[in-house]
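First comes the structure, then the notes that go with it.
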Amino acid sequence: MSTRRHTALPKAQILIEALPWLTRHHGKTVVVKFGGNAMVDEELKAAFAQDVVFLRHAGLKPVVVHGGGPQISAHLDRLGLVSEFKAGLRVTTDEAMDVVRMVLAGQVQRELVGLLNRHGPLAVGMTGEDAHTLTATKRYAHIDGEKVDIGRVGEITEVDAGAVQALLDDGRIPVISSIARSADDGHVYNINADTAAAALAAALGAETLMVLTDVEGLYEDWPNSDDVISRLTASELERLLPDLASGMVPKMEGCLYAVRNGVNTARVIDGRVQHSILLEIFTDEGIGTMVVPDGAAPEKEKRA
Ligand SMILES: Nc1ncnc2c1ncn2[C@@H]1O[C@H](COP(=O)(O)OP(=O)(O)O)[C@@H](O)[C@H]1O
Ligand SMILES: CC(=O)N[C@@H](CCC(=O)OP(=O)(O)O)C(=O)O
């Protein structure tokens, strides 16, 4: 008797390719930073939510930290307020801080929670203010050796990951806005979302920090060529940092901080590619740029 050919066989092969990655990541915490520019397309947002829920059902513990730079700028613009960035950070007046908080916690975070919860009672939104998750003091920008006041922008001084961990232990998906409580004056601070994600990944002892953005990864010679660096060590990244342009600076500083503080890999991946998270975690190829600690053995890496 001849064996019947099943047309669905390739699907089984795809699932089997994911098996080693499923085994490797089972029970591990993955912090995913969803950026403003990767977040403006409705289909991409829905696919992002599917990926995160997939991770959760595959036995990983995803945590979402989100930005919303373009959404904040659009709202400020509607109010007739100008957006100014210095050294990649938004100059945040007291008035702008109210808008940042309202847009991140009241709009962007709510939308992400809603998209994730289409798939079940999983996501719980919070900001870094909640349960002392993120505490910060005033941060200054350093431009050409000068200390510049950029308003209510914070430098994270302490992370208490207890509330986030409790949500993970309860099987939830925490969705966190990048706002911190102030250690010094009872108000709140605006934190770059890449920086917030890296600090949380380290505090949670995450396996991976994954930063979604609107480019393929870290370009070797931006903007002159589109060669993406696929893997680099912490020391190699440290040497590159002074030459990076503003948008990439907090991302790569965050990746460096994460791998220097116990996170096994930090990746920058293209959020414009549908299901980029699944491609990165569950396929042999992987996409984007991966940062590893110095001396990391290739077999410990996800792409090995
Ligand atoms: N070496 C580099 N590789 C890739 N992108 C770079 C590099 N240097 C600067 N950039 C810029 O950084 C941008 C990403 O930062 P940003 O716009 O802040 O992202 P997001 O909104 O996702 O947080 C890219 O779109 C690109 O214009
Ligand atoms: C201090 C600072 O610059 N905060 C950012 C916070 C949001 C953010 O980081 O959003 P993206 O990840 O989309 O860029 C801002 O106000 O735009």
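Note that ligands are numbered from 1 as they come in the structure, with each ligand's atoms numbered from 1 the same way. Heads up: numbering here begins at 1 and tracks the sequence.
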*Backbone N or O of Leu122 within a donor-acceptor pair of the Asn117 side chain at under 3.5 Å?*
yes

*Is any N or O atom of Asp194, backbone or side chain, closer than 3.5 Å to an N or O atom of ligand 2?*
no

*Evaluate the side chain to side chain contact (heavy atoms under 4.5 Å, CB included) criterion for residues Asp185 and Arg152: first the C-alpha distance (whole Å), next the side-chain angles of each, then the deciding distance (0.1 Å), finally the verdict.*
CA-CA 11 Å; Asp185 63 6; Arg152 293 217 63 87; 3.1 Å; yes

*So which protein heavy atom does atom 13 (O) of ligand 2 come closest to, and at what separation?*
Gly36 N, 2.7 Å

*Quick one: does Arg56's side chain have a donor or acceptor within less than 3.5 Å of a partner on Pro62's backbone?*
no

_Is it the case that the side chain of Thr289 and the backbone of Val268 share a donor-acceptor pair, with hydrogens and angles ignored and the cut-off at 3.5 Å?_
no

*Which option out of Val103, Leu212, Asn190 puts a heavy atom nearest to atom 1 (C) of ligand 2?*
Asn190

*In terms of hydrophobic clusters joined by side-chain contacts under 4.5 Å, are Val40 and Val108 together?*
no

*asked:* With heavy-atom distances below 4.0 Å as the criterion, list the atoms of ligand 2 near Ala193.
replied: 8 (C), 9 (O), 12 (O)

_Keeping Arg90 on the side-chain end and Gly69 on the backbone end, is there a donor-acceptor pair under 3.5 Å?_
yes

*Within the side chain of Lys138, is there an N or O that forms a donor-acceptor pair under 3.5 Å with the backbone of Gly151?*
yes

*Considering only heavy atoms of Asn192, which atoms of ligand 2 have at least one such atom less than 4.0 Å away?*
1 (C), 4 (N), 9 (O)

*May I ask you to check whether Ser235 and Asp294 show a side-chain donor-acceptor distance below 3.5 Å?*
yes

_So is Thr195 touching ligand 2 or not, going by heavy atoms under 4.0 Å?_
no

*May I ask you to check if ligand 2 and Gly68 share an N or O to N or O distance below 3.5 Å?*
yes

*To the nearest 0.1 Å, how far is atom 15 (C) of ligand 2 from its closest protein heavy atom, and which atom is that?*
Arg90 NE, 3.3 Å

_Geometry only, no angles: is Phe34 polar-contacting ligand 2 at N/O separations under 3.5 Å?_
no

*asked:* Donor-acceptor pair, distance only, cut-off 3.5 Å: does the side chain of Arg267 make one with the backbone of Met210?
replied: no

_Suppose I only count heavy atoms of Ile191 and a 4.0 Å limit; which atoms of ligand 2 are within that range?_
4 (N), 6 (C)

_What I want to find out is whether Glu236 reaches Arg239 closely enough, with some N-O distance under 4.0 Å, to be called a salt bridge._
no

Go ahead and list the nitrogen or oxygen contacts between ligand 1 and the protein that come in under 3.5 Å, distances to 0.1 Å, or just say none.
{"from": "ligand 1", "atom 1": "1 (N)", "to": "Tyr219", "atom 2": "O", "distance (Å)": "3.2"}
{"from": "ligand 1", "atom 1": "3 (N)", "to": "Tyr219", "atom 2": "N", "distance (Å)": "2.9"}
{"from": "ligand 1", "atom 1": "15 (O)", "to": "Gly247", "atom 2": "O", "distance (Å)": "3.4"}
{"from": "ligand 1", "atom 1": "17 (O)", "to": "Asn37", "atom 2": "ND2", "distance (Å)": "3.3"}
{"from": "ligand 1", "atom 1": "19 (O)", "to": "Thr213", "atom 2": "OG1", "distance (Å)": "3.3"}
{"from": "ligand 1", "atom 1": "19 (O)", "to": "Lys251", "atom 2": "NZ", "distance (Å)": "3.3"}
{"from": "ligand 1", "atom 1": "21 (O)", "to": "Asn37", "atom 2": "N", "distance (Å)": "3.4"}
{"from": "ligand 1", "atom 1": "21 (O)", "to": "Asn37", "atom 2": "ND2", "distance (Å)": "2.9"}
{"from": "ligand 1", "atom 1": "22 (O)", "to": "Thr213", "atom 2": "OG1", "distance (Å)": "2.8"}
{"from": "ligand 1", "atom 1": "23 (O)", "to": "Lys33", "atom 2": "NZ", "distance (Å)": "3.2"}
{"from": "ligand 1", "atom 1": "23 (O)", "to": "Lys251", "atom 2": "NZ", "distance (Å)": "2.6"}
{"from": "ligand 1", "atom 1": "25 (O)", "to": "Asp214", "atom 2": "OD1", "distance (Å)": "2.9"}

*Counting N and O atoms only, with roles assigned by atom type, does the side chain of Ser276 sit under 3.5 Å from a partner on the main chain of Asp270, one being a donor and the other an acceptor?*
yes

*Can Arg181 and Asp130 be counted as an ion pair, charged N to O under 4.0 angstrom?*
no

*Would you mind checking which non-hydrogen protein atom is closest to atom 12 (O) of ligand 2, with the distance to 0.1 Å?*
Lys33 NZ, 2.5 Å

_Numbering as shown, the atoms of ligand 2 that approach Gly69 to under 4.0 Å (heavy-atom distance)_ = 10 (O), 11 (P), 13 (O), 17 (O)

*Is the shortest N/O to N/O distance between Ser178 and ligand 2 below 3.5 Å?*
no

